[in-house]
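Single-structure report; data block below.
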Protein chains: 2
Amino acid sequence: MGITKVDGFTSEVTQMAEILKALGHPARLAIMEYLINSPDCINGDLVDHLPLAQSTVSRHLSELKKVGLIKGTITGNCISYCINDEVWNKIKVFFNTSSDQITPGKSCAC
Amino acid sequence: MGITKVDGFTSEVTQMAEILKALGHPARLAIMEYLINSPDCINGDLVDHLPLAQSTVSRHLSELKKVGLIKGTITGNCISYCINDEVWNKIKVFFNTSSDQITPGKSCAC
DNA sequence: TTTTAATATCGTAATATTGCGATATGGGAA
DNA sequence: TTCCCATATCGCAATATTACGATATTAAAA
């Protein structure tokens with residue numbers, strides 16, 4: 001079908017899945033890494049750094065923006081994108097607290 | 001096209017993106033949470049806990065197994081699935097080290 | 001105003017994903 | 001062996017994703 005069932009899952013799970021899905025693409029993950037490592041937020045050269053056409057990069061950017069992973073402001077005819085720390089931390093917390101729940105020794109020896 | 005470009009990205013990014021993509025689905029994320037919280041690894045009742053048909057759950061499980069997020073052993077005619085701590089920690093490390101690189105104050109005020 | 005540069009959106013074709021029923025598989029029980 | 005039971009796989013239909021070129025948008029520059 002291609003349609004993802006959503007009802008029956010908690011909204012927390014659904015929301016986190018959406019965020020992780022957005023990150024689950026080489027280009028988008030590379031964009032995030034680039035934004036993290038770039039000294040400033042100007043990202044006009046993102047297209048040069050990715051093996052993709054400008055329109056494709058723009059589409060990936062809007063997908064990241066849609067789930068709140070990045071924020072952008074228009075300054076002149078350039079766009080400054082930057083990481084949304086709030087959402088990024090949310091992911092961090094999600095994995096850290098989940099990991100804590102893996103009681104050592106309870107994992108089976110498969 | 002539907003085909004994801006891979007060449008031009010580091011294998012690290014590509015691999016991590018595959019893992020995150022696997023997690024980027026409500027059912028699969030719910031499966032992971034269930035496996036983390038379940039006292040033991042027997043998961044025959046996973047189907048009862050998810051609003052999906054048995055065949056669909058099985059498909060999601062194999063997808064998680066494909067990227068190494070879970071491991072499974074056959075004991076009799078039951079299957080025990082459990083989290084692969086190694087891969088799970090890899091994700092944890094990825095986000096924690098990435099976050100460290102976000103120098104406070106450098107994030108722009110968008 | 002016209003041009004230019006940067007980014008966004010549209011239209012499309014190709015491929016991937018999702019979900020389910022039906023069926024296969026494989027081991028234990030009768 | 002034959003019958004269950006749990007899980008995996010297949011086949012299909014519907015939808016989603018991806019990538020790109022072409023085009024639109026928007027604001028600064030000339």
Report summary line: Ranking A/R59 and A/I3 by the position along DNA chain D of their nearest nucleotide, the one closer to 5' is A/I3
Report task. Walk me through it: do B/L69 and B/I91 pass the test side chain to side chain contact (heavy atoms under 4.5 Å, CB included)? Result -> CA-CA 10 Å; B/L69 274 165; B/I91 304 170; 3.9 Å; yes
Requested in this report: To the nearest Å, give me how far apart CG (A/L64) and C1' (C/dA8) are.
Outcome: 15 Å
Report task. Check the pair A/L23, A/R28 against side chain to side chain contact (heavy atoms under 4.5 Å, CB included), reporting the backbone distance first and the verdict last. Result -> CA-CA 6 Å; A/L23 288 176; A/R28 294 195 288 267; 5.8 Å; no
**Report entry** Nearest-Å distance for atom pair CD/C1', residues B/E18 and C/dT17
**Finding:** 14 Å
Report task. To the nearest Å, give me how far apart NE2 (A/H60) and P (C/dT7) are. Result -> 16 Å
Requested in this report: In sequence, state the C-alpha distance, the side-chain angles, and the governing distance for B/T4 and B/F9, and then conclude on side chain to side chain contact (heavy atoms under 4.5 Å, CB included).
Outcome: CA-CA 11 Å; B/T4 297; B/F9 300 106; over 6 Å; no
Report summary line: Between NE2 of A/H25 and P of D/dA16 the distance, given in whole Å, is 17 Å
**Report entry** Nearest-nucleotide comparison on DNA chain D, the residue closer to the 5′ end among B/S55 and A/T4
**Finding:** B/S55
Requested in this report: Provide, to the nearest angstrom, the distance between the NZ atom belonging to B/K21 and the C1' atom belonging to D/dA16.
Outcome: 11 Å
Report task. Applying side chain to side chain contact (heavy atoms under 4.5 Å, CB included), run through B/V47 and B/L52 and close with a yes or a no. Result -> CA-CA 7 Å; B/V47 176; B/L52 295 167; over 6 Å; no
Report task. For A/S58 and for B/R28, locate the closest nucleotide of DNA chain C by heavy-atom distance; then report the residue assigned to the nucleotide nearer the 5' terminus. Result -> A/S58
Query raised in the report: In whole angstrom, what separates B/L52's CG from C/dT17's P?
Result: 17 Å
Query raised in the report: Does the C/dA8 base have a donor-acceptor partner in the side chain of A/Q54 within less than 3.5 Å?
Result: yes
Requested in this report: Name the closest nucleotide to the A/K5 side chain, picking from D/dA19, C/dG19, C/dA8.
Outcome: C/dG19
Requested in this report: Return the value, rounded to whole Å, for the distance between atom CG of B/L46 and atom P of D/dA8.
Outcome: 10 Å
Requested in this report: Please report, rounded to the nearest Å, how far the P atom of C/dA8 is from the OH atom of A/Y81.
Outcome: 4 Å
